[in-house]
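Let me begin by presenting the structure, written as structure tokens, before commenting on it.
Naming: A, B, ... by sequence-line order, numbering from 1 per chain. A quick note: this is a predicted structure, and the numbers were derived from the prediction, not measured. In what follows, every heavy atom counts, from backbone to side chain, and hydrogens, waters and symmetry copies are set aside.
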Amino acid sequence: MREVPWLRGLNPEQRTAVMHTDGPLLVLAGAGSGKTKTLVHRVVHLVRGHKVEPSRILVVTFTNKAADEMRERVRAFAGDDAAAVIVSTFHSLGVRILRWHGEKLGLPRRFAIYAAADQLGALRQATEEIHISDDRFDLKRVLAQISHWKTRRVTPDEARDEVAEQGGAGTRADEYAVLAADAYGRYEDTLRACGAVDFDDLLLLPVKLLEQDEEVRRDVWRRWHYLMVDEYQDTNAVQLHMTRLLAGARRNVCVVGDDDQSIYAFRGADVGNILEFEHHFEGTAVIRLEQNYRSTKRILEVANAVISGNPHRHPKRLRTDNPIGAPVLLYEHADDAAEAERVAAEISVRRFRERRAWRDFAVLYRANTQARPLEEVFRAKAIPYRVVGGTSFFDRKEVADALAYLRVMVHPRDEIALRRIINVPTRGIGRTTVTRVADKGRADGMPFAKALGAVSDDDVGAAQASSVREFLDLLETRRHALKAAEQAARRPPPATGLPPIARWALDLFRGVGLEDMIRGDRRMNNAEARIGNLRDLAGTLARYERKRWAEVADRMEDGGAAALVLTPEFARGDAGAPGDDGDDDAWRPPTLSDALARLALADLDDPDADPDDADADVVTLMTLHSAKGLEFDDVFLVGLEEGILPHARSIDDGESDALAEERRLLYVGITRAKRRLTLSRCRSRRRGGDIVEVLPSRYIEEVPDGLLEFRPEESVLSAEESKDLRENFFKNMKEMLDDG
DNA sequence: CCAGGGGTCCTTTTT
DNA sequence: GGACCCCTGG
């Protein structure tokens, strides 16, 4: 075979995977085996080797980060002619399909996408109607149950039957199931009434469309001829069906994944999908990538030892030609403060001694709350760091409020958002008034938004009614201003200053009194930071607007003016709502509605993750879940205790599946490390009010002696290290300066 | 009826 | 640190 550039640098298995382009293909790719690389080269092979039209190739990922990376690498390797390859997350793909065909399900053209807080609001409303007091039930748990049904494609009726069959009753769990089954249907009704869908719907509804409607199927089959799915082990039942439907009769489907890295069962992922792939797609070819290019031998040995304790795996054993590397350390600390101290000290010392950069280090933990002690110490020691995930920027109260304002602007009947802001800042419309209006509306068969407009002095009292009217006027005025801003946004933004929509948003936040409200809140000492968050939100809109216009510039450069396709409405200049309609990938000017949809899918930058510091020189702190797919030179895994990893909830569940998943989580963490791995655990931990002794994680206990180097903690720095640091301080410093 | 203060409880993982 | 409840004063 002639040597072609896109096959260079691949091992025989990877080559086979790249060249197998007809019929179903399952690539079982171990951690660090060049999985992404293989996918990228496969895309390139299709485009360059088989002359496949790039836009006929669809690559599906789970996260936007993964999609971005894939897009970037395809482009870097195959050049701009491959830029038209569609790389999308399952959820964004769902949005596309719903935009094109959602009307067939009675979905409005502009539908809102509800995330955690909104879903909870919708559920609260739904359960209020059936008079179930919240205080006896944790609505989050109910929501989790509903979501679980949805990911398994169980309808409300089926859920009720399922619960009735199990019958048992009496136990707490059953009570929840009964409530959840009851609430499920009402929750769905509430969403539809709000013109909204939740995250599960973004998968569920497109599948429904594809199943029911021949026209929709033909449309997607016409668009995409080659399908690739990354991280296939994380697919749920709905995603399996979507994969099948998208693959269609062509069955040019290639899925890549690692059953040992399946860590999302809690949200419905089913490892069975990858284990049974050969049964779901007859005639599947299977390729294993077992050569690891990432980690040292020692790290890989520990990883293999940990994961081998799990039953039901696709048997495989990763091997590597990498050097044996430094010993894997296991520290034991008095508590999490000492642990954090040690991690910080180690990082400082190693960076110094081994001349690493801050960005070479990552600290991984099971739960977001574990970040706090680390943050405290890092701040005290002036170690630059970044916390990934956690309480998202968008979950902060002031940001959520501001966002609700934006949503009400675009979706006037979004009851959840409406209720959130109707008295924020306080304007004399209290709980009682809201309840009365809602009840009256329900009695008259009116949606909440309409009931508000129809409010009369008799219903709620003159003062309240007038406040409501004032509030509605306020919204109307702002909506007017938005129209003007979106009109202005049809032209390229000025080089400096805020683009029109962002400017309008900032005006809105000020004008409705959100800023004053924050300033006036004595309980909060960080008022300015929170006002800064509002600015950042506007900044996100500004970046969005600029990015859209930058795309125009790209298209102009790439293919001349012809590449800039505008929707007919836009070209005519009379589109009422550019950005939402049209069923092609034509460029459209920025709109608030489009920005919000992207925001909901986390498709826009989190302002916390400043674009500038995406590759800033900082230590990364994140959960094991967030770490999947990433790699770092030097990795710390903290809190390896019973109750943390495995998490107490997984232990309580008593299900071995949950414990197997916790083990995989540890496996994922271990295999993130390239050069060095440091494990640690604490002897005691705060639980509730008091401090309790905790046991080491069972998974660590299982690792054979000799693979780990045990370090009982005495002082933060060992005597030897302190001495070394003192004596060599100036020498090291000088070397560093010489280097820079 | 509304606003604001003070107390209490919990806190897995995420598109 | 936050979400939520209850209480008090206007």
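Using a 4.0 Å cut-off, some side-chain N or O of A:Arg436 falls inside it from OP1 or OP2 of B:dC1. The phosphate of B:dT12 (OP1 or OP2) has no side-chain N or O of A:Thr369 nearer than 4.0 angstrom. When the side-chain nitrogen and oxygen atoms of A:Ser626 are compared with OP1 and OP2 of B:dT14, one or more of them lie within a distance under 4.0 Å. Phosphate contact (OP1/OP2 of B:dT12, side-chain N/O of A:Arg366, threshold under 4.0 Å): absent. OP1 and OP2 of B:dC2 both lie 4.0 Å or more from every side-chain N or O belonging to A:Arg427. Phosphate proximity of B:dT12 to A:Asn368: absent, as no side-chain N or O sits under 4.0 Å from OP1 or OP2. When the side-chain nitrogen and oxygen atoms of A:Arg431 are compared with OP1 and OP2 of C:dC6, none of them lie within a distance under 4.0 Å.
Within the 4.0 angstrom heavy-atom criterion, no nucleotide atom of any strand lies near A:Phe90. Residue contacts for A:Gln464: at a heavy-atom cut-off of 4.0 Å it reaches the sugar-phosphate backbone alone, with no base atom in range. At the heavy-atom level, A:Asn423 lies under 4.0 Å from the strands shown only through sugar-phosphate atoms. A:Phe62 comes within 4.0 angstrom of the backbone, heavy atoms only, and of no base.
Protein atom CZ of A:Arg141 is 14 Å distant from nucleotide atom C1' of B:dC10, rounded to whole Å. Between A:Tyr365 atom OH and B:dT12 atom C1' the separation is 13 Å, expressed in whole Å. Atom CG of A:Leu659 is separated from atom P of B:dT13 by 18 Å (rounded to the nearest Å).
Here the side chain of A:His91 is nearest to one of B:dT15, B:dT13, B:dC2, namely B:dT15. Here the nucleotide nearest the side chain of A:Thr426, chosen from B:dA3, B:dT14, B:dC1, is B:dA3.
With respect to A:Arg442 and A:Asp439, a salt bridge is recorded, a charged nitrogen being found less than 4.0 Å from a carboxylate O. Note on A:Asp414 versus A:Arg110: no salt bridge recorded, every NZ/NE/NH1/NH2 to OD/OE distance being 4.0 Å or above. Taking 4.0 Å as the cut-off between side-chain N and carboxylate O, A:Arg427 and A:Glu470 do not count as a salt-bridged pair.
By the criterion of a centre-to-centre distance under 5.5 Å and near-parallel planes under 30°, the ring of A:His647 forms a stack with the base of B:dT12.
Heavy-atom distances to DNA chain B give each of A:Thr433 and A:His625 a nearest nucleotide, and the one nearer the 5′ end belongs to A:Thr433.
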* Test side chain to side chain donor-acceptor pair (under 3.5 Å) applied to A:Asp335 and A:Ser684, step by step -> CA-CA 5 Å; A:Asp335 54 27; A:Ser684 68; 5.3 Å; no
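Looking at A:Gln119 and A:Tyr187, their side chains do bring a donor and an acceptor atom within 3.5 Å of each other.
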